[in-house]
Amino acid sequence: MKKTETTAAEAYARQTDESDPLARYRSQFHVPKTSQGEDCVYLTGNSLGLQPKKTAAYVQQELDDWAKLGVEGHLHAKFPWLPYHENLTEQTARLVGALPSEVVVMNTLTVNLHLMMVSFYRPTKERFRILIEGGAFPSDRYAVASQARFHGFDPAQAITELKPRAGEETLRPEDVLETIERSGDQIALILLGNVNYLTGQAFDVEAITRAGHSKGCKVGFDLAHGVGSLCLKLHEWGPDFAAWCSYKYLNGGPGALGGCFVHERHASRSDLPRFSGWWGHNKKTRFAMGPTFDPILGAEGWQLSNPPIFQMAALRASMEIFDEATMPAIRKKGDLLLEFLERELDRSRRCRIITPRRSAERGLHLSLKFQGRDTQGLVSEFSKAGVTVDFREPDVIRAAFAPLYCNFMDVVRFVKVLESHV
Ligand SMILES: *Cc1c(COP(=O)(O)O)cnc(C)c1O
């Protein structure tokens, strides 16, 4: 019999997959197939996470209750709709390291950023700047620019961008702190994408929060690429707020509901302006339909509308998996996956990794540059070969490893495809 040739990398991958304590979760997701019926190597979980198999049943439950009960479902559905969002509170709090009263699932990410800025971007003539990272996600940029304009400031003056040093791709942590130290007196709000969507760089939330607060700035984080990829301790680290979406690593489905964190210290502040709606009103008196807003203490007080139950049902399915698998275990596997990928890419010398090398400075995707190549063309070639990665302007390919359904053989298969096309 002819011996099959197995590379050392492949042997490592098979062995590590076999002993992986999270391996069993992969079969709980629908993994897209290639035309040959094989599982795709799905490396775009940071763009749209895969569908848990039990999502359909969770959504169906609510459709059935609606069909059977009509309006009575608000009180008598298996999971009554009136307090439905509370089903997500405990898991969400554990996921981001917060008190239950500090988190709420509501709206979508950009909407929540605006709601948070209404409360926490309070510019004055002397202090009106917003500090963001250069190359922030466009929606965040549009949001902060429109907030500055809304308050009568010119975004060109109000927005300060953190830029990497000449010839470098990512920010040095010490440069971020130095900027805050130097110009913090003029900064009303620090708002960073953690993790940066393009470079994969993660910032030190605790250190930045401390530096910002010592200068009197408000500090918020956009956790679109951090939630479900980083072990977060938001309560302890103390930023004023954070917001995220749930369709990326959290697998809540396209357009899933976002989440929001408001630190406990703001829970009962009545001096903070906020945009209000009836779902943020005291639950005991909400249906008294009185004219005066009485906010729920904590993050729930920022809710506006009664929420979309089907979307919440879908998110529940996924959040239960996260809660069972636990974030430390997910992150641990993610670190191993990225380290393995990094080793293989370094060995094959086909591309440059621009994401920081240290675990503490990155999320769960690596951003790659292929000098002199039609990068976008490569993405479609990879796709034909069963590997789903994505392209981000101007010249970056992102490969994300969602530990709940990606495995070590995915690294081997990705690198093989990459080597045969580059
Ligand atoms: C994905 C992403 C968004 C998307 O915003 P939505 O309001 O959910 O459409 C915004 N900001 C960042 C940093 C993102 O990564």
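The model shown is predicted, which means the values in this text are computed figures rather than measured ones. In each ligand, atom 1 is the first atom listed, and ligand 1 is the first ligand listed. Index from 1, following the sequence. We use all heavy atoms of the structure for the numbers below, so side chains are in, but hydrogens, waters and symmetry mates are not.
Regarding atom 11 (N) of ligand 1, its nearest protein heavy-atom neighbour is D140 OD1, 2.6 Å. Protein heavy atom at the shortest distance from atom 8 (O) of ligand 1 is Y247 OH, 2.5 Å. If you check which protein heavy atom lies closest to atom 5 (O) of ligand 1, you get T110 OG1, 3.4 Å. With respect to atom 3 (C) of ligand 1, the closest heavy atom belonging to the protein is F137 CE2, 3.3 Å.
By the criterion of a heavy-atom distance under 4.0 Å, the side chain of D222, and not its backbone, is placed next to ligand 1.
Between E178 and R172 there is no salt bridge, since no side-chain N of the basic residue sits under 4.0 Å from a carboxylate O of the acidic one. Comment: R141 engages E161 in a salt bridge, judged by a side-chain N to carboxylate O separation of less than 4.0 angstrom.
Judged by distance alone, the side chains of Q186 and R129 do bring a donor and an acceptor atom under 3.5 Å apart. Side-chain atoms of S359 and D335 include a donor-acceptor pair closer than 3.5 Å.
The closest side-chain heavy-atom distance from E300 to W279 is not below 4.5 Å.
Using a 4.0 Å cut-off to heavy atoms of H225, the atoms of ligand 1 that qualify are 15 (O).
Taking the centre and axis of the six-membered ring of Y58, the NZ or CZ atom of K78 falls outside the cone set by 45° and 6.0 Å.
The closest heavy-atom contact to atom 1 (C) of ligand 1, among the options K248, H114, R141, E133, comes from K248.
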